[in-house]
K.L.:
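Got a structure for you, written out below as C-alpha coordinates; questions coming shortly.
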Amino acid sequence: MTKRLDRDFYSRDVLDVAPELLGKRLVRIGEDGGISSYLITETEAYRGMEDLACHASRGRTPRTKVMFGEGGYLYMYLIYGMYWMMNVVTGAEGVPQAVLFRGLREASGPGRLTRLIGLDGSFYGEDLVNSERIWIESNGPAPSYTAGPRVGIDYAGLPWKDMPWRFLMDL
DNA sequence: AACACGATTTCG
DNA sequence: GAAATCGTGTTT
(Lines give C-alpha, C1' and ligand atoms only; values in the text may rest on other atoms or scores of the structure.)
Protein backbone atom coordinates (compact mmCIF):
# COMPACT_ATOMS: atom_id res chain seq x y z
CA MET A 1 0.00 0.00 0.00
CA THR A 2 1.13 3.52 -0.57
CA LYS A 3 0.06 6.80 0.87
CA ARG A 4 0.97 10.41 0.40
CA LEU A 5 3.34 11.79 3.02
CA ASP A 6 1.48 14.28 5.21
CA ARG A 7 2.28 17.54 6.99
CA ASP A 8 3.45 15.73 10.11
CA PHE A 9 6.08 13.83 8.14
CA TYR A 10 7.67 17.04 6.86
CA SER A 11 7.28 18.97 10.10
CA ARG A 12 10.03 17.02 11.87
CA ASP A 13 13.74 17.85 12.03
CA VAL A 14 15.51 17.73 8.67
CA LEU A 15 18.00 15.19 9.99
CA ASP A 16 15.11 12.77 10.49
CA VAL A 17 13.27 13.62 7.28
CA ALA A 18 16.17 13.62 4.80
CA PRO A 19 17.25 9.98 5.34
CA GLU A 20 13.65 8.80 5.60
CA LEU A 21 12.88 10.14 2.13
CA LEU A 22 15.22 7.51 0.69
CA GLY A 23 13.34 4.67 -0.96
CA LYS A 24 10.13 6.68 -1.16
CA ARG A 25 8.38 7.45 -4.45
CA LEU A 26 8.27 10.91 -5.99
CA VAL A 27 5.05 11.12 -8.01
CA ARG A 28 4.67 13.60 -10.85
CA ILE A 29 1.59 14.35 -12.96
CA GLY A 30 2.74 15.71 -16.31
CA GLU A 31 1.21 18.43 -18.47
CA ASP A 32 -0.58 15.70 -20.42
CA GLY A 33 -2.04 14.19 -17.24
CA GLY A 34 0.23 11.17 -17.32
CA ILE A 35 1.58 9.77 -14.06
CA SER A 36 5.26 9.09 -13.51
CA SER A 37 6.95 8.01 -10.29
CA TYR A 38 10.60 7.84 -9.31
CA LEU A 39 12.51 6.17 -6.49
CA ILE A 40 14.39 8.67 -4.30
CA THR A 41 18.01 7.52 -3.82
CA GLU A 42 19.98 10.54 -2.58
CA THR A 43 19.20 13.54 -0.36
CA GLU A 44 21.01 16.24 1.61
CA ALA A 45 19.99 18.16 4.73
CA TYR A 46 20.34 21.93 5.20
CA ARG A 47 19.65 22.81 8.78
CA GLY A 48 18.73 26.26 10.03
CA MET A 49 20.34 29.66 10.38
CA GLU A 50 23.41 28.33 12.16
CA ASP A 51 24.26 25.99 9.25
CA LEU A 52 26.48 28.22 7.08
CA ALA A 53 25.87 25.95 4.08
CA CYS A 54 22.14 26.63 4.31
CA HIS A 55 20.92 29.56 2.21
CA ALA A 56 18.74 30.66 5.11
CA SER A 57 21.84 31.33 7.23
CA ARG A 58 22.12 34.75 5.51
CA GLY A 59 18.66 35.61 6.69
CA ARG A 60 15.18 35.82 5.30
CA THR A 61 15.03 37.08 1.70
CA PRO A 62 12.44 36.80 -1.07
CA ARG A 63 14.19 33.61 -2.19
CA THR A 64 14.63 31.92 1.19
CA LYS A 65 11.37 32.95 2.82
CA VAL A 66 9.58 29.68 2.06
CA MET A 67 12.15 27.87 4.22
CA PHE A 68 10.97 29.85 7.23
CA GLY A 69 7.43 28.55 6.83
CA GLU A 70 5.98 25.15 7.73
CA GLY A 71 7.20 21.90 6.23
CA GLY A 72 6.03 20.27 3.01
CA TYR A 73 6.53 23.18 0.59
CA LEU A 74 9.05 23.26 -2.26
CA TYR A 75 12.05 25.57 -2.17
CA MET A 76 13.24 25.92 -5.78
CA TYR A 77 16.24 27.97 -6.84
CA LEU A 78 18.38 28.37 -9.95
CA ILE A 79 22.09 27.60 -9.69
CA TYR A 80 24.85 28.59 -12.14
CA GLY A 81 22.21 30.22 -14.32
CA MET A 82 21.01 26.90 -15.68
CA TYR A 83 19.96 24.27 -13.17
CA TRP A 84 16.91 24.29 -10.92
CA MET A 85 17.39 22.64 -7.53
CA MET A 86 14.47 20.90 -5.83
CA ASN A 87 14.19 21.10 -2.05
CA VAL A 88 11.36 20.43 0.37
CA VAL A 89 11.01 22.51 3.52
CA THR A 90 11.05 20.62 6.83
CA GLY A 91 10.76 21.41 10.52
CA ALA A 92 8.52 23.73 12.48
CA GLU A 93 7.42 27.14 11.23
CA GLY A 94 10.14 29.70 11.91
CA VAL A 95 12.93 27.11 11.71
CA PRO A 96 14.49 27.27 8.23
CA GLN A 97 15.41 23.79 7.03
CA ALA A 98 15.19 21.97 3.71
CA VAL A 99 16.10 18.71 2.02
CA LEU A 100 17.86 18.91 -1.36
CA PHE A 101 16.92 16.08 -3.72
CA ARG A 102 20.19 14.94 -5.26
CA GLY A 103 19.21 11.74 -7.00
CA LEU A 104 16.53 9.36 -8.22
CA ARG A 105 17.10 5.83 -9.43
CA GLU A 106 16.28 7.25 -12.88
CA ALA A 107 18.61 10.28 -12.74
CA SER A 108 21.69 11.05 -10.66
CA GLY A 109 22.45 14.69 -9.80
CA PRO A 110 20.17 17.51 -8.60
CA GLY A 111 20.24 19.35 -11.93
CA ARG A 112 19.51 16.28 -14.00
CA LEU A 113 16.75 15.29 -11.60
CA THR A 114 14.69 18.45 -12.06
CA ARG A 115 15.24 18.38 -15.81
CA LEU A 116 13.99 14.78 -15.95
CA ILE A 117 10.76 15.44 -14.12
CA GLY A 118 10.15 18.93 -15.48
CA LEU A 119 10.51 21.22 -12.47
CA ASP A 120 11.48 24.89 -12.51
CA GLY A 121 10.89 28.13 -10.65
CA SER A 122 7.14 27.91 -11.19
CA PHE A 123 7.12 25.17 -8.53
CA TYR A 124 8.52 27.50 -5.86
CA GLY A 125 6.16 27.22 -2.88
CA GLU A 126 4.29 24.18 -4.24
CA ASP A 127 2.73 22.19 -1.38
CA LEU A 128 3.62 18.51 -1.59
CA VAL A 129 0.83 17.75 0.88
CA ASN A 130 -1.94 19.14 -1.35
CA SER A 131 -0.54 19.58 -4.87
CA GLU A 132 -2.30 17.94 -7.79
CA ARG A 133 0.90 17.70 -9.82
CA ILE A 134 3.64 16.52 -7.46
CA TRP A 135 3.88 14.66 -4.16
CA ILE A 136 5.72 11.84 -2.38
CA GLU A 137 4.35 8.46 -1.30
CA SER A 138 5.58 6.05 1.34
CA ASN A 139 6.57 2.77 -0.18
CA GLY A 140 7.60 -0.51 1.46
CA PRO A 141 10.31 -0.94 4.09
CA ALA A 142 12.96 1.68 4.82
CA PRO A 143 16.18 0.92 2.93
CA SER A 144 19.62 1.00 4.57
CA TYR A 145 21.73 4.02 3.68
CA THR A 146 25.14 5.59 3.99
CA ALA A 147 25.83 9.15 5.19
CA GLY A 148 28.70 11.39 4.09
CA PRO A 149 29.68 15.06 3.74
CA ARG A 150 27.57 17.35 1.58
CA VAL A 151 28.63 18.24 -1.95
CA GLY A 152 29.81 21.64 -3.19
CA ILE A 153 29.68 23.57 0.07
CA ASP A 154 33.33 23.78 1.15
CA TYR A 155 32.92 27.55 1.28
CA ALA A 156 30.79 27.09 4.42
CA GLY A 157 33.90 26.11 6.39
CA LEU A 158 34.15 23.98 9.51
CA PRO A 159 32.28 22.31 11.01
CA TRP A 160 29.56 22.61 8.37
CA LYS A 161 31.49 21.37 5.36
CA ASP A 162 32.23 18.10 7.14
CA MET A 163 28.83 17.35 8.64
CA PRO A 164 27.66 13.94 7.31
CA TRP A 165 24.34 15.23 6.07
CA ARG A 166 24.32 13.66 2.60
CA PHE A 167 22.33 10.45 2.50
CA LEU A 168 22.67 7.73 -0.13
CA MET A 169 20.48 4.66 -0.32
CA ASP A 170 22.51 1.45 -0.30
CA LEU A 171 22.20 -0.70 -3.41
C1' DA B 1 23.65 50.63 -11.84
C1' DA B 2 27.30 47.47 -11.48
C1' DC B 3 29.33 43.41 -9.59
C1' DA B 4 30.51 38.81 -7.77
C1' DC B 5 29.18 34.25 -7.31
C1' DG B 6 26.90 29.78 -6.80
C1' DA B 7 23.81 23.08 -2.85
C1' DT B 8 26.06 21.79 -11.35
C1' DT B 9 26.81 19.66 -15.64
C1' DT B 10 29.19 18.92 -19.77
C1' DC B 11 32.78 18.87 -22.85
C1' DG B 12 37.83 18.68 -24.06
C1' DG C 1 40.55 21.87 -16.33
C1' DA C 2 37.25 25.28 -17.88
C1' DA C 3 33.05 27.18 -19.91
C1' DA C 4 28.08 27.97 -19.87
C1' DT C 5 24.65 31.41 -17.98
C1' DC C 6 21.49 34.33 -14.84
C1' DG C 7 18.88 35.18 -10.52
C1' DT C 8 19.99 36.88 -6.15
C1' DG C 9 22.21 39.52 -2.68
C1' DT C 10 25.59 43.09 -1.93
C1' DT C 11 28.04 47.18 -2.90
C1' DT C 12 28.42 51.70 -5.26
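Convention: sequence-line order gives letters A, B, ...; per-chain numbering from 1. We use all heavy atoms of the structure for the numbers below, so side chains are in, but hydrogens, waters and symmetry mates are not.
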K.L.:
Once you apply a heavy-atom cut-off of 4.0 Å, does A:M85 come out as touching a base, just sugar-phosphate, or nothing?
P.N.:
sugar-phosphate
K.L.:
Mind calculating the distance between CG (A:N87) and C1' (B:dT8) to the nearest angstrom?
P.N.:
14 Å
K.L.:
My understanding is that a hydrophobic cluster links ILVMFWY residues whose side chain heavy atoms are under 4.5 Å apart, including indirect links. Using that, what else belongs to the cluster containing A:I29?
P.N.:
A:V27, A:I35, A:W135
K.L.:
When the distance from CG of A:L100 to P of B:dA7 is rounded to whole Å, what number comes out?
P.N.:
10 Å
K.L.:
Paired with B:dC5 by Watson-Crick or G-U wobble geometry, both distances under 3.5 Å: which nucleotide is it?
P.N.:
C:dG7
K.L.:
Indicate the ring-plane relationship of A:W165 and A:W160, choosing parallel, tilted or perpendicular according to the 30° and 60° boundaries.
P.N.:
tilted
K.L.:
Scan A:R150 against the nucleic acid and name what it touches under 4.0 Å (heavy atoms): base, sugar-phosphate only, or nothing.
P.N.:
nothing
K.L.:
Evaluate the criterion salt bridge (Lys or Arg N to Asp or Glu O under 4.0 Å) for residue pair A:E44 and A:R150; output intermediate values, then yes/no.
P.N.:
CA-CA 7 Å; A:E44 261 178 13; A:R150 295 172 291 180; 5.8 Å; no
K.L.:
Would you say that A:R4 contacts A:I136 through its side chain, given a criterion of any heavy-atom pair below 4.5 Å between the two side chains?
P.N.:
no
K.L.:
Whole-Å distance between B:dT8 P and A:M76 CE?
P.N.:
14 Å
K.L.:
Could you tell me the boundaries of the chain A footprint on DNA chain C, defined by atoms under 4.0 Å from its heavy atoms?
P.N.:
C:dA4 to C:dG9
K.L.:
Verify the cluster assignment for A:V95 and A:F68: are they in a single hydrophobic cluster under the rule of side-chain heavy atoms below 4.5 Å apart?
P.N.:
no
K.L.:
Starting at CD of A:E44 and ending at P of B:dG6, how long is that distance when rounded to a whole Å?
P.N.:
16 Å
K.L.:
Return the value, rounded to whole Å, for the distance between atom CE of A:M86 and atom C1' of B:dA7.
P.N.:
15 Å
K.L.:
Need one value for A:R58: base, sugar-phosphate or nothing, where a base atom within 4.0 Å counts as base even if backbone is also close, heavy atoms only.
P.N.:
nothing
K.L.:
Can you measure A:L116 atom CG to B:dT9 atom C1' for me and round it to whole angstrom units?
P.N.:
15 Å
K.L.:
May I ask you to test the A:M67-A:Y46 pair for a side-chain heavy-atom distance under 4.5 Å?
P.N.:
no
K.L.:
Just the rounded figure in Å: distance from P of B:dT9 to OH of A:Y80.
P.N.:
10 Å
K.L.:
With respect to the phosphate group of B:dT8, does any side-chain polar atom (N or O) of A:R115 fall under 4.0 Å of OP1 or OP2?
P.N.:
no
K.L.:
Is there a path of hydrophobic side-chain contacts, each under 4.5 Å between heavy atoms of I, L, V, M, F, W or Y residues, that connects A:V151 with A:L168?
P.N.:
no
K.L.:
Can you measure A:I153 atom CD1 to B:dC5 atom P for me and round it to whole angstrom units?
P.N.:
18 Å
K.L.:
Nearest-nucleotide wise, let me know which of A:G152 and A:R112 is further upstream toward the 5' end of DNA chain B.
P.N.:
A:G152
